[in-house]
Peer 1: 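Quick one: structure below, then a few questions.
For reference, positions follow the sequence shown, starting with 1. Both ligands and their constituent atoms are indexed starting at 1 by order of listing. Just so it is clear, the model here is predicted, and its values are computed rather than measured.
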Amino acid sequence: MSETLRRVAEVIESRKLANGGNPEKSYVSKLFAKGDDAILKKIGEEATETVMAAKDARVSGDKSKVLYECADLWFHSMVLLAQFDLTPQDVLNELARREGLSGLDEKASRKE
Ligand SMILES: N=c1c2ncn([C@@H]3O[C@H](COP(=O)(O)OP(=O)(O)OP(=O)(O)O)[C@@H](O)[C@H]3O)c2ncn1[C@@H]1O[C@H](COP(=O)(O)O)[C@@H](O)[C@H]1O
């Protein structure tokens, strides 16, 4: 796993209230304190902002907002993973498991 992902995931984990996180001093602890619905709301917002940034970038040619919004989306997805005691490595393992399996073949196999 990338060192950056590992470090950020570690910080997120340390922000859980059970690990001493303080919602008054930490944005992540604040999200954990609010619970599932607040985290899911942020994911919905960031996903929508990513879509809008991509549409805008096609008009303006400025890709920087796509990058910025994807980073927000990845970050909030990491908070959601931590909420379920999952890690970025678990996602990487799932992607590795799928490696080489065509999405079209996988979809066709579901219809059998
Ligand atoms: N990578 C991030 C990160 N990316 C985005 N954000 C925050 O996510 C929020 C995104 O919300 P929006 O863009 O919708 O802005 P907003 O309207 O101000 O947000 P809301 O009031 O709706 O929550 C902002 O408050 C950003 O600062 C992040 N907050 C924290 N991190 C990482 O998490 C670590 C721990 O953060 P704290 O827990 O705050 O110390 C940090 O050191 C960083 O590594």
Side-chain angles (χ1 to χ4, degrees):
M1 172 164 44
S2 108
E3 279 302 297
T4 305
L5 279 183
R6 190 187 57 72
R7 279 197 308 273
V8 174
E10 268 181 22
V11 172
I12 289 171
E13 191 63 27
S14 77
R15 298 300 202 248
K16 287 183 175 175
L17 307 195
N19 295 332
N22 181 346
E24 286 180 8
K25 294 190 173 159
S26 153
Y27 172 75
V28 177
S29 296
K30 201 168 163 185
L31 275 181
F32 282 136
K34 288 182 179 171
D36 283 0
D37 285 356
I39 298 169
L40 296 173
K41 184 165 174 264
K42 286 310 293 183
I43 299 231
E45 282 174 22
E46 302 305 350
T48 303
E49 283 168 20
T50 301
V51 171
M52 286 161 52
K55 297 294 281 184
D56 286 351
R58 282 290 175 223
V59 177
S60 69
D62 176 11
K63 295 188 276 190
S64 63
K65 275 218 78 186
V66 176
L67 192 62
Y68 186 87
E69 297 302 343
C70 277
D72 275 355
L73 184 56
W74 278 31
F75 165 70
H76 286 90
S77 297
M78 288 171 73
V79 175
L80 180 66
L81 287 171
Q83 175 79 338
F84 283 87
D85 295 321
L86 293 165
T87 67
Q89 186 60 55
D90 294 323
V91 177
L92 293 177
N93 292 346
E94 175 59 17
L95 289 173
R97 187 188 68 76
R98 296 179 192 180
E99 232 175 347
L101 175 63
S102 152
L104 294 178
D105 291 344
E106 187 275 332
K107 195 167 182 180
S109 74
R110 276 192 257 149
K111 287 178 184 154
E112 284 165 11

Peer 1: Look at Arg7 together with Glu10 and state whether they make a salt bridge at an N to O cut-off of under 4.0 Å.
Peer 2: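 A salt bridge is absent here (no side-chain N lies under 4.0 Å from a carboxylate O).
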Peer 1: For residues Lys16 and Asp85, determine if any side-chain heavy atom of one lies less than 4.5 Å from a side-chain heavy atom of the other.
Peer 2: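 Counting from C-beta outward, Lys16 and Asp85 do come under 4.5 Å.
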Peer 1: Under a 3.5 Å distance rule, please check whether Ser26 uses its side chain to pair with a backbone N or O of Asn22 as donor and acceptor.
Peer 2: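 Absent.
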Peer 1: Is there a continuous path of hydrophobic side-chain contacts, each under 4.5 Å between heavy atoms, that joins Tyr27 to Val79?
Peer 2: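 Yes, it is one cluster - the side chains of Tyr27 and Val79 are joined through contacts under 4.5 Å.
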Peer 1: When you look for protein heavy atoms under 4.0 Å from ligand 1, which residues do they belong to?
Peer 2: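 Ligand 1 pocket, heavy atoms under 4.0 Å: Val11, Arg15, Ser26, Tyr27, Val28, Lys42, Glu46, Asp72, Phe75, His76.
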Peer 1: Working to the nearest 0.5 Å, report the span between CG of Asp90 and CG of Leu81.
Peer 2: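 So the CG of Asp90 and the CG of Leu81 are separated by 7.5 Å.
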Peer 1: Just to verify, what does Lys65 make a salt bridge (Lys or Arg N to Asp or Glu O under 4.0 Å) with, not counting sequence neighbours?
Peer 2: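 Only Glu69 meet the salt bridge (Lys or Arg N to Asp or Glu O under 4.0 Å) criterion with Lys65.
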